[in-house]
Amino acid sequence: MKTNFYNTPKSQTMIWNPNKECMSRDEMSELQGRRLHKIVDYVYHHVPFYRNKLQSMDLTPDDIRTIDDITKLPFTTKQDLRDNYPFGLQAAPQSEIIRIHASSGTTGNPTIVGYTRKDIGIWNECMARSLTAYGVGRDDIFSVSYGYGLFTGGLGAHNGVETIGAAVVPASTGNTEKHAKLIRDLGITGIACTPSYALYLAETMEKMGITKEQTRLRIGAFGAEPWTEQMRTEIQERLGLKGYNLYGLSEIMGPSVSYECVCQHGSHINEDHFYPEIINPQTLERLPDGETGELVFTTLTKEGMPVLRYRTRDLCSILPGQCSCGRTSVRMGRIAGRSDDMLIIRGINVFPSQVESVVLSSPEFAPRYMLIVDRVNNLDTLLVQVELRQEVFTSTFDTPTAINKLEQHLAAKLKSVLSIGAKVQIKAPNTIERSQGKSAHVIDKRQM
Ligand code: DLL
């Protein structure tokens with residue numbers, strides 16, 4: 001018999017695995033220490049890359065006894081993964097690998113990640129923890145609109161929905177009109193997709209005349225790209241659901257390395273499997289909780305391709321204190337950007353997420369924007385293109401003065417946040433390219 005989780009009050013939301021998600025801090029540290037020793041011993045004996053690294057630092061697995069010993073270990077970078085393409089970092093024998101994913105590398109070789117049966121089981125468990133934290137239960141019908149294929153989003157979320165026993169609709173991306181129709185006709189209650197696809201879906205439904213009242217949507221599992229609180233508000237209002245953050249990366253597992261709970265104050269890390277650290281990306285020193293730096297993960301239980309101190313290049317902080325949901329696991333804040341996404345314009349660090357916050361704080365603009373960086377006469381220039389909302393477009397587009405005023409107003413706001421001047425260009429609705437997967441917000445012509 002399926003239990004009914006609809007409209008479950010906050011205090012009664014379920015926890016998938018209280019034994020792990022609500023462990024005392026001492027027990028968690030003890031478990032992490034034990035697992036760290038084991039994984040170091042495992043890679044030392046199965047991955048020549050790590051054995052050589054540890055030997056060159058005069059380290060053996062016996063030097064790693066508690067979780068605090070982690071700082072003795074070397075870092076792993078994306079370049080190390082590329083250099084060992086395709087299977088150089090694989091620890092398990094090929095006969096134990098049951099699935100292979102590949103990351104979407106834009107330059108050079110993609111990163112190949114092999115999973116054993118045990119890895120897939122842990123991934124499913126982590127995904128089930130995430131969905132349960134959002135309030136998804138067995139009565140839900142959940143559509144997965146992350147891409148299926150080499151990308152971890154589709155299959156990762158799909159298996160999590162099946163693990164908790166809800167019904168999965170493997171919609172994938174594309175064919176959005178059909179998907180919108182199914183959302184209404186099947187009474188789909190939840191959706192997993194990128195935040196930008198959620199907005200695209202909202203637009204499509206509006207065009208088709210499907211209102212949020214005609215659907216039963218109530219939960220969104222959004223991730224795979226940075227998004228802001230303003231974007232969350234926009235999606236929630238337009239789709240009539242509550243949107244939760246879902247974070248992960250293929251090198252570590254895929255979606256569900258961390259997840260939000262109903263408190264929506266940071267994302268709980270599945271730290272019995274993925275040990276987080278925040279470091280200063282320049283000095284590589286570990287930073288205390290609350291400080292923003294580069295997120296680093298060590299996989300504590302992975303068999304296929306374990307990694308030690310993998311530098312994600314994602315910038316965020318570990319939130320101090322404990323969450324009121326009952327979980328004791330540490331939480332990470334939103335991804336403020338990636339160290340390699342950061343633009344340096346006239347010497348000033350600029351993150352696309354800063355521009356997004358400013359754009360979305362103005363009710364006239366749709367959540368679509370593009371940063372175009374160029375170099376003219378040896379001087380960096382920044383052009384920010386934004387799209388007018390349909391309602392505003394029809395009432396003001398005939399008056400260039402109004403548009404001009406709006407451009408100047410936004411340029412002034414951007415200047416106060418970014419500390420550099422930007423030219424603003426307002427575009428008509430639906431003219432900035434839509435993305436169904438991860439969206440691109442930057443064209444840097446200086447590198448072309
Ligand atoms: O994006 C895995 C995933 C799929 C996560 C579906 C969530 C949902 P990769 O393609 O390897 O894996 O990209 C990982 O995407 O290092 C972040 O920069 C970014 N990212 C992922 N989730 C979030 C999020 C998947 N919730 C890279 N917020 C990561 C911000 C995110 N950025």
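Atoms within each ligand, like the ligands themselves, are counted from 1 in listed order.
Comparing G254, A224, S267 against atom 7 (C) of ligand 1, the shortest heavy-atom distance belongs to A224. Closest heavy-atom approach to atom 5 (C) of ligand 1 within the set A102, G248, P110: this belongs to G248.
In this structure, F297 and F274 have perpendicular ring planes: the angle between them is above 60°, well past the 30° mark. Ring pair Y244/Y134 is parallel by interplanar angle, where below 30° counts as parallel and above 60° as perpendicular.
Taking only nitrogen or oxygen atoms, main chain and side chain alike, L246 reaches within less than 3.5 Å of ligand 1. Some N or O of S250 is nearer than 3.5 Å to an N or O of ligand 1, by distance alone.
Listed by atom number, the atoms of ligand 1 under 4.0 Å from G223 heavy atoms are 7 (C), 8 (C), 26 (N). For ligand 1 and F151, the ligand atoms under 4.0 Å from any heavy atom of the residue are 1 (O), 4 (C), 10 (O), 25 (C). Atoms of ligand 1 found under 4.0 Å from any heavy atom of I335, numbered from 1 in the order shown, are 28 (N), 30 (C), 32 (N). Of all atoms in ligand 1, numbered sequentially from 1 with element shown, those under 4.0 Å from a heavy atom of G153 are 4 (C), 6 (C). Which parts of ligand 1 touch N245 is read off a 4.0 Å heavy-atom cut-off, strictly below it: atoms 24 (C), 26 (N).
Ligand 1 lies out of reach of S103, whose nearest heavy atom is not under 4.0 Å from it. Taking 4.0 Å as the cut-off, K438 counts as a neighbour of ligand 1 on heavy-atom distance.
At a threshold of 4.5 Å between non-hydrogen side-chain atoms, the residues M23 and D272 do not count as touching. Proximity of L155 to H101: side-chain heavy atoms (C-beta onward) are separated by under 4.5 Å at one or more points.
The one candidate from N270, N124, T163 that meets the side chain to side chain donor-acceptor pair (under 3.5 Å) condition with R129 is N270.
In summary, the side chains of Y310 and T299 do not present any donor paired with an acceptor at a separation below 3.5 Å, with no hydrogens or angles considered.
When non-hydrogen atoms are compared, ligand 1 lies under 4.0 Å from the side chain of R338 (C-beta onward) but not from its backbone.
Applying the salt bridge (charged side-chain N to carboxylate O under 4.0 Å, His left out) rule to pairs touching residues 177-200 yields K181-D185, sequence neighbours excluded.
With sequence neighbours excluded, the residues forming a side chain to side chain donor-acceptor pair (under 3.5 Å) with R334 are E229, listed by chain and number.
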